[in-house]
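Reminder, nothing fancy here: chain letters follow the sequence lines and each chain counts from 1.
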Amino acid sequence: MDYRRTYVRDLFSMPPGSSTSAYGWVKTRRDSKGVSFVQLSDGSCFRDLQVVIEAGSIPEEQLKLLTTGACVRFDGEVVASPAAGQAVELKATGVEVFGPADPTHYPLQKKGASFEFLREIAHLRARGNTFGAVFRVRSQASFAIHKFFIDRGFHAIHTPIITASDCEGAGAMFAVTTLLETPPHEEPEAVLKARPYLQDFFEKPAYLTVSGQLEAETLALGMTNVYTFGPTFRAENSNSVRHLAEFWMIEPEMAFCDLDGNMNLAEEFLKEVIGFLLERCAEDLEFFNQRIEPELLTTLHHVVESPFERMTYSEAVKLLEASGESFEFPVSWGSDLQSEHERWLTEKKVGRPVILTDYPKEIKAFYMRLNDDDRTVRAMDVLAPRIGEIIGGSQREERLEVLERRIDELGLPKEAYWWYLDLRRFGSAPHAGFGLGFERLLMYVTGMKNIRDVIPYHRAPGQAEF
RNA sequence: UGCCGCAUAGCUCAGUCGGUAGAGCAGCUGACUGUUAAUCAGCGGGUCGUAGGUUCGAGUCCUACUGCGGCAGCCA
């Protein structure tokens with residue numbers, strides 16, 4: 001056995017008469033008087049292979065083992081199918097059962113199960129249509145993202161996953177410590193209190209990263225265009241269909257780039273990645289369009305073909321105030337937009353992705369470049385129909401005095417930012433970048449409604465099985 | 001974390017006014033020469049999430065707890 005062999009995907013284009021083997025897992029078996037049919041899947045593509053087993057061609061006791069979930073190899077001949085539903089099929093001459101699956105205990109069945117149930121058996125769900133398709137799209141999307149940046153001369157960089165500075169300011173963090181190596185019955189809280197952090201592994205508090213942005217900026221101011229694509233952790237107690245405690249984030253950072261350039265990159269990025277997937281994952285996306293989100297292909301093509309709407313936060317607030325809609329939360333300049341506001345803008349008002357810019361400085365991070373009005377910053381959020389905010393970014397504050405003033409205003413520990421401020425002290429440059437949640441992109445592209453269903457094993461409050 | 005909802009067969013669900021539980025699928029047995037979520041006949045399958053309470057009687061009403069889901073917030 002070798003990975004270089006025929007996959008189910010390949011069988012569909014083999015000429016009738018070819019002798020071959022097919023490895024995979026049984027989805028269903030249908031029996032008739034003199035013939036049985038097995039749907040075989042190996043995850044190499046969306047389609048199943050129909051295997052035809054004529055009576056007597058394999059031993060009766062082997063046939064009985066071919067139940068849903070069983071892992072097998074069929075040997076046989078590719079033949080033109082006489083029935084509708086598939087062009088070719090495999091006429092079996094032999095079978096080897098690698099792993100039977102007792103049908104009275106195997107939790108999957110040929111009929112669909114709820115996503116909630118499948119989450120509980122996440123170790124088996126990749127065998128079904130939906131999750132096979134999700135994870136194939138995830139793989140291709142990952143490739144498309146790297147290709148997009150590498151094609152444009154960006155350098156892939158790896159920012160640290162463990163960070164010893166509490167200054168990223170993007171939400172609650174997971175502590176990283178070796179102080180808990182003592183057995184739990186020795187009361188870890190007491191241990192933590194009794195022993196100063198000086199005795200911990202890093203000799204200071206350490207955390208899992210919530211963003212690689214600040215580190216990415218340091219590489220951009222030396223290598224010009226860089227990007228990260230790695231795991232990110234947020235310890236927020238958030239229980240929603242679009243948040244995870246562990247997720248993958250893409251963060252490009254560009255020197256000699258302003259907010260307009262940043263918006264151009266974000267728009268190009270979404271268009272190219274989605275366009276790539278429309279081509280490369282056509283069968284999988286067709287499935288999502290039929291079974292998950294009826295408007296999927298229409299909206300994806302629309303995103304690829306039409307320019308994104310761009311407006312300032314202030315313009316958006318005016319539109320919302322004039323909308324006549326009765327929102328649960330009132331709209332007023334200076335407060336952050338609620339989900340319902342973002343949804344109205346992108347779904348009802350514009351009907352395609354919208355980029356909002358120039359938010360009030362009070363509701364955005366300290367590192368965003370201050371506008372001349374001294375009230376707004378060069379921030380941008382890309383909002384997409386169905387899922388809301390998909391990208392958040394900004395032009396960064398490159399002026400040392402302004403950045404120091406912002407840090408002081410917000411009462412942040414300036415000493416901790418010494419290296420970040422050094423960038424502005426020595427050879428500072430206008431620069432910009434954004435962050436994109438990989439799983440949010442996958443939700444958008446597949447139409448899946450819950451972020452927990454676009455990652456193999458989700459991490460959320462109280463959820464760390466597998 | 002707040003609000004709302006749900007929890008009944010392996011899965012998806014129904015269960016009326018409170019009267020000791022039902023369907024489809026899956027499983028098992030059989031029928032059928034090519035099926036496509038095959039079809040047809042028969043069979044088995046339940047401590048109704050847990051613990052209390054009200055009642056002659058609770059799947060059904062009440063309380064608490066647990067689990068899950070949705071919405072909101074936090075954001076990517």
>> If I pick the P atom on U8(B) and the same atom on G15(B), what distance separates them, to the nearest angstrom?
In response: 14 Å
> Roughly how many Å is it from CG in L383(A) to C1' in C75(B), rounded to a whole number?
Replying inline: 13 Å
>> Tell me whether F438(A) and A76(B) count as stacked here, given that the ring centres must be under 5.5 Å apart and the planes must differ by less than 30 degrees.
In response: no
> Do F269(A) and E267(A) pass the side chain to side chain contact (heavy atoms under 4.5 Å, CB included) test, and can you show the C-alpha distance, the side-chain angles, and the key distance before you say yes or no?
Replying inline: CA-CA 5 Å; F269(A) 173 87; E267(A) 183 167 345; over 6 Å; no
> Closer than 4.0 Å, any side-chain N/O of Q50(A) to the OP1 or OP2 of U35(B)?
Replying inline: no
> If you check the R440(A) side chain, which of A76(B), C25(B), G27(B) turns out closest?
Replying inline: A76(B)
> Considering heavy-atom distances to RNA chain B, does G435(A) or K64(A) have its closest nucleotide positioned more toward the 5' end?
Replying inline: K64(A)
>> Of the listed nucleotides (G73(B), G27(B), G70(B)), which one gets closest to any side-chain atom of R242(A)?
In response: G73(B)
> Do F131(A) and F115(A) have ring centroids that are under 6.0 Å from one another?
Replying inline: yes
> If only side-chain N and O atoms of T28(A) are considered, is one of them under 4.0 Å from the OP1 or OP2 phosphate oxygen of A38(B)?
Replying inline: yes
> Does OP1 or OP2 of G69(B) have a side-chain N or O of Q463(A) closer than 4.0 Å?
Replying inline: yes
>> Taking G22(B) as the reference, what is the distance to A64(B) when you measure between their C1' atoms (whole Å, please)?
In response: 31 Å
> Looking for any heavy atom pair under 4.0 Å, which part of the strands does R291(A) touch: base, sugar-phosphate only, or nothing?
Replying inline: nothing
> So, is R452(A) close to the G69(B) phosphate, meaning a side-chain N or O under 4.0 Å from OP1 or OP2?
Replying inline: yes
>> If you only use heavy atoms from C-beta on, which nucleotide in A76(B), U12(B), U35(B) is closest to the side chain of F117(A)?
In response: U12(B)
>> Salt bridge check, E295(A) against R386(A): does any charged N sit closer than 4.0 Å to a carboxylate O?
In response: no
>> Looking at the base of U36(B), is there any donor atom on it, or on the side chain of Q86(A), that sits under 3.5 Å from an acceptor on the other one?
In response: yes
>> Please classify the nucleic acid contact of A55(A) as base, sugar-phosphate, or nothing, using heavy-atom distances under 4.0 Å.
In response: nothing
>> Hydrogens and angles aside, do W333(A) and S314(A) bring a side-chain donor and acceptor to less than 3.5 Å of each other?
In response: yes
>> Once you apply a heavy-atom cut-off of 4.0 Å, does I390(A) come out as touching a base, just sugar-phosphate, or nothing?
In response: sugar-phosphate
>> Please report the distance separating the C1' of U50(B) from the corresponding atom of A38(B), rounded so that it comes out in whole Å.
In response: 42 Å
> For P107(A) and D31(A), take the nucleotide of RNA chain B holding the closest heavy atom to each; which residue's nucleotide lies nearer the 5' end?
Replying inline: P107(A)
>> Would you measure the distance from the C1' atom in C43(B) across to the matching atom in U47(B) and give it in whole Å?
In response: 24 Å
> Among A76(B), C32(B), C11(B), which nucleotide sits nearest the side chain of K33(A)?
Replying inline: C32(B)
> For the side chain of R234(A), counting heavy atoms from C-beta on, which of G73(B), C75(B), U12(B) is nearest?
Replying inline: C75(B)
> Any chance the side chains of K27(A) and N129(A) put a donor and an acceptor closer than 3.5 Å?
Replying inline: yes
>> Considering every strand and a 4.0 Å limit on heavy-atom distances, what is the contact class for S81(A): base, sugar-phosphate, or nothing?
In response: base
>> Would you measure the distance from the P atom in G5(B) across to the matching atom in C65(B) and give it in whole Å?
In response: 15 Å
> Which whole-number value in Å describes the distance from L124(A) CG to A26(B) P?
Replying inline: 19 Å
> If you measure from the P atom in G42(B) to the same atom in G59(B), how many Å do you get, rounded?
Replying inline: 30 Å
> What's the CZ-C1' distance between F287(A) and A37(B), to the nearest Å?
Replying inline: 13 Å
> Which nucleotide sits closest to the side chain of E89(A): C11(B), U35(B), C75(B)?
Replying inline: U35(B)
> Under 4.0 Å: is that the gap between some side-chain N or O of R30(A) and OP1 or OP2 of A37(B)?
Replying inline: no
> Say you pick atom P in C17(B) and the same atom in C62(B); how far apart are they, in whole Å?
Replying inline: 14 Å
> Under 4.0 angstrom, heavy atoms only, what part of the nucleic acid is E116(A) near: base, sugar-phosphate, or nothing?
Replying inline: sugar-phosphate
>> Side-chain N or O of N239(A) versus OP1/OP2 of A72(B): is the shortest distance under 4.0 Å?
In response: no
>> Using ring-ring contact (aromatic ring centres under 6.0 Å, His included), reason through Y207(A) and F174(A) one step at a time and then give a plain yes or no.
In response: CA-CA 5 Å; Y207(A) 308 90; F174(A) 288 103; over 10 Å; no
>> Taking pairing as Watson-Crick or G-U wobble with both contacts under 3.5 Å, can you name the mate of C61(B), or confirm there isn't one?
In response: G53(B)
>> Among U35(B), A72(B), C11(B), which nucleotide has an atom closest to any side-chain atom of S339(A)?
In response: A72(B)
>> Whole angstroms only, please: what is the CZ-C1' distance between F329(A) and A72(B)?
In response: 6 Å
> According to the Watson-Crick and G-U wobble definitions, with both distances under 3.5 Å, which nucleotide is paired to U16(B)?
Replying inline: none
>> From CZ of R29(A) over to C1' of C28(B), roughly how many Å is that when rounded to an integer?
In response: 12 Å
> Below 4.0 angstrom from OP1 or OP2 of C75(B), is there any side-chain N or O of S238(A)?
Replying inline: no
>> Strictly below 4.0 Å, N to O, side chains only: are R310(A) and E315(A) in salt-bridge contact?
In response: no
> With both distances under 3.5 angstrom, what nucleotide forms a Watson-Crick or G-U wobble pair with A31(B)?
Replying inline: U39(B)
> Given atom CD1 of I451(A) and atom C1' of A76(B), what is their separation to the nearest angstrom?
Replying inline: 8 Å
>> With a 4.0 Å limit, can you tell me whether S211(A) has a side-chain N or O closer than that to the phosphate oxygens OP1/OP2 of A76(B)?
In response: no
>> Rounding to an integer number of Å, can you tell me how far Y444(A) OH sits from A76(B) P?
In response: 19 Å
> Cut-off 3.5 Å, side chains only: do Y420(A) and E217(A) have a donor facing an acceptor?
Replying inline: yes
>> Under 4.0 Å between a side-chain nitrogen and a carboxylate oxygen: does that hold for E268(A) and K271(A)?
In response: no
>> Without decimals, in angstroms, what is the distance between R459(A) CZ and C75(B) P?
In response: 24 Å
> When we call it a touch if two heavy atoms are under 4.0 Å apart, what does Q338(A) touch: a base, just sugar-phosphate, or nothing?
Replying inline: sugar-phosphate
> For G5(B), which nucleotide in any strand shown is its Watson-Crick or wobble partner with both distances under 3.5 Å?
Replying inline: C68(B)
>> Give me the distance, rounded to whole Å, that separates U20(B) from U60(B) when you measure between the P atoms they each carry.
In response: 13 Å
